Amino acid sequence: MPELPEVEVTRRSFASAIEQATIQRVWQGLPLRWPLGCAPEYLVGQRVGSVQRRGKYLLLELSHGWLLVHLGMSGSLLFSAHLPAPTAHEHFDLVTTRGVLRLNDPRRFGAVVFVPDLAAPTAVKLLGKLGMEPLSDQFDLDAFAVGLKKRRTAIKQVLLAGNLVVGVGNIYACESLFLAGIRPTTVAARLRRPRVQRLRAAIIEVLTAAIERGGSTLRDFSSADGSAGHFQLEAKVYGRAGLPCLCCGSTVRVMRQGQRSSYFCPVCQKA
DNA sequence: CAGTGGGCCTGAGTGC
DNA sequence: TGCACTCAGGCCCACT
């Protein structure tokens, strides 16, 4: 499920509801990607402060540390007043005075990690190399251009890597490159200023639109209050191989780049 | 340092 | 219907 818009929509859907809650109980199911990093009992009694986001990580501020939540490839959060009925793949429950935050994650690539502070080694390992936040002032055109200049690989790979700009996963990388008229295979360092500028604008536009529409999904994204996203209805190229380009009518193509599918229009997107 | 490929997991979909 | 196979939104790590 999770690229930046889904994570942000999820954050907004439960942040104010869980704020000021006190943790009463922690339940863990099957192991997730990483261990929790503390005894579950250590969380009990701690108060939840703000819920922030960095890239695709959610950061729950606690009275004595932070809970980092990552949704991996298939994770979703549900916040509800009472303990939800068991389903097939819940692996973490945070029971609080204001409701239960539940992580559901069939593939278990997701994680919930406690760190005493954001300078702790684990936090630095997970968050330290993240690139610029695309929807903040941090996403500076000059910095973006300088970063791209250093990369001799395909622009699509650079976007996915997340160490220059965060939050752009496969779907939004495809859509952003389409909107900017750039082939996924174009070497990042070869992009000139006007195209860098267009790409930056396209990323911001695509992510912003997706958040406004409530996040995207290929299958079953729903935010923590249960409402569903529907960005897939808006996708211009992603998942449309063999169909006519919505701008020029030529056939949308798909290719493999680093074990990932890249969808593009061979006419609208130039090398 | 930059770049590439493997691996972690399960479920859905496809073709035989 | 059953089986083998491929693919899926992410990201760390070992290696070149």
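Keep in mind the model is a prediction, meaning the values are calculated, not measured.
In this structure A:E133 satisfies the salt bridge (Lys or Arg N to Asp or Glu O under 4.0 Å) test together with A:R53, A:R54, sequence neighbours excluded. In this structure, the side chain to side chain donor-acceptor pair (under 3.5 Å) partners of A:S50, at least two apart in sequence or on a different chain, are A:Q52, A:E61. Taking the side chain to side chain donor-acceptor pair (under 3.5 Å) definition, one finds that A:S176 meets it with nothing, sequence neighbours left out. Residues passing the salt bridge (Lys or Arg N to Asp or Glu O under 4.0 Å) test with A:R12, sequence neighbours excluded: A:E8. Qualifying ring-ring contact (aromatic ring centres under 6.0 Å, His included) partners for A:F109, counting only residues two or more places apart in sequence or in other chains: none. Residues satisfying the side chain to side chain donor-acceptor pair (under 3.5 Å) criterion with A:K56, sequence neighbours excluded, are absent altogether.
Taking atom P on both B:dG6 and C:dT6, the two are 14 Å apart, rounded to the nearest angstrom. Of the P atoms belonging to C:dC7 and B:dG5, the separation is 16 Å, rounded to the nearest Å.
Summarising the local packing, NZ of A:K150 is surrounded by 12 or fewer heavy atoms from other residues, nucleotides or ligands at distances under 6.0 Å. Within 6.0 Å of the CG atom in A:D117, the count of heavy atoms belonging to other residues, nucleotides or ligands exceeds 12.
A heavy atom closer than 4.0 Å to some atom of DNA chain C occurs in no member of residues 180-190 of chain A. For DNA chain B, the residues of residues 100-126 of chain A within the heavy-atom distance limit of 4.0 Å (strictly under) are A:P106, A:R107, A:R108, A:F109, sorted by number.
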Report summary line: Base-pair string, DNA chain B, Watson-Crick plus G-U, cut-off 3.5 Å on both distances, | for inter-strand, is .|||||||.|||||||
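For A:S261, a side-chain nitrogen or oxygen approaches OP1 or OP2 of C:dA8 to under 4.0 Å. Between A:H70 and the phosphate of C:dC12, there is no side-chain N or O to OP1/OP2 separation shorter than 4.0 Å. Taking only side-chain nitrogens and oxygens, A:Y238 comes nearer than 4.0 Å to OP1 or OP2 of C:dG9.
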Using a cut-off of under 3.5 Å, enumerate the N/O to N/O pairs linking the protein to nucleotides 2-6 of chain B.
unit_1, atom_1, unit_2, atom_2, d
B:dG3, OP1, A:R152, N, 2.2
B:dG3, OP1, A:T153, N, 3.2
B:dG3, OP2, A:R151, NH1, 2.6
B:dT4, OP2, A:T153, OG1, 3.1

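Residue pairs satisfying the side chain to side chain donor-acceptor pair (under 3.5 Å) criterion with at least one member in residues 184-202 of chain A, sequence neighbours excluded, are listed as follows: A:D142-A:R193.
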Show me the donor-acceptor pairs within less than 3.5 Å that the side chains of residues 15-43 of chain A make with the rest of the protein, sequence neighbours left out.
none

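The distance from atom CG of A:L32 to atom P of B:dT10 is 12 Å, rounded to the nearest whole Å.
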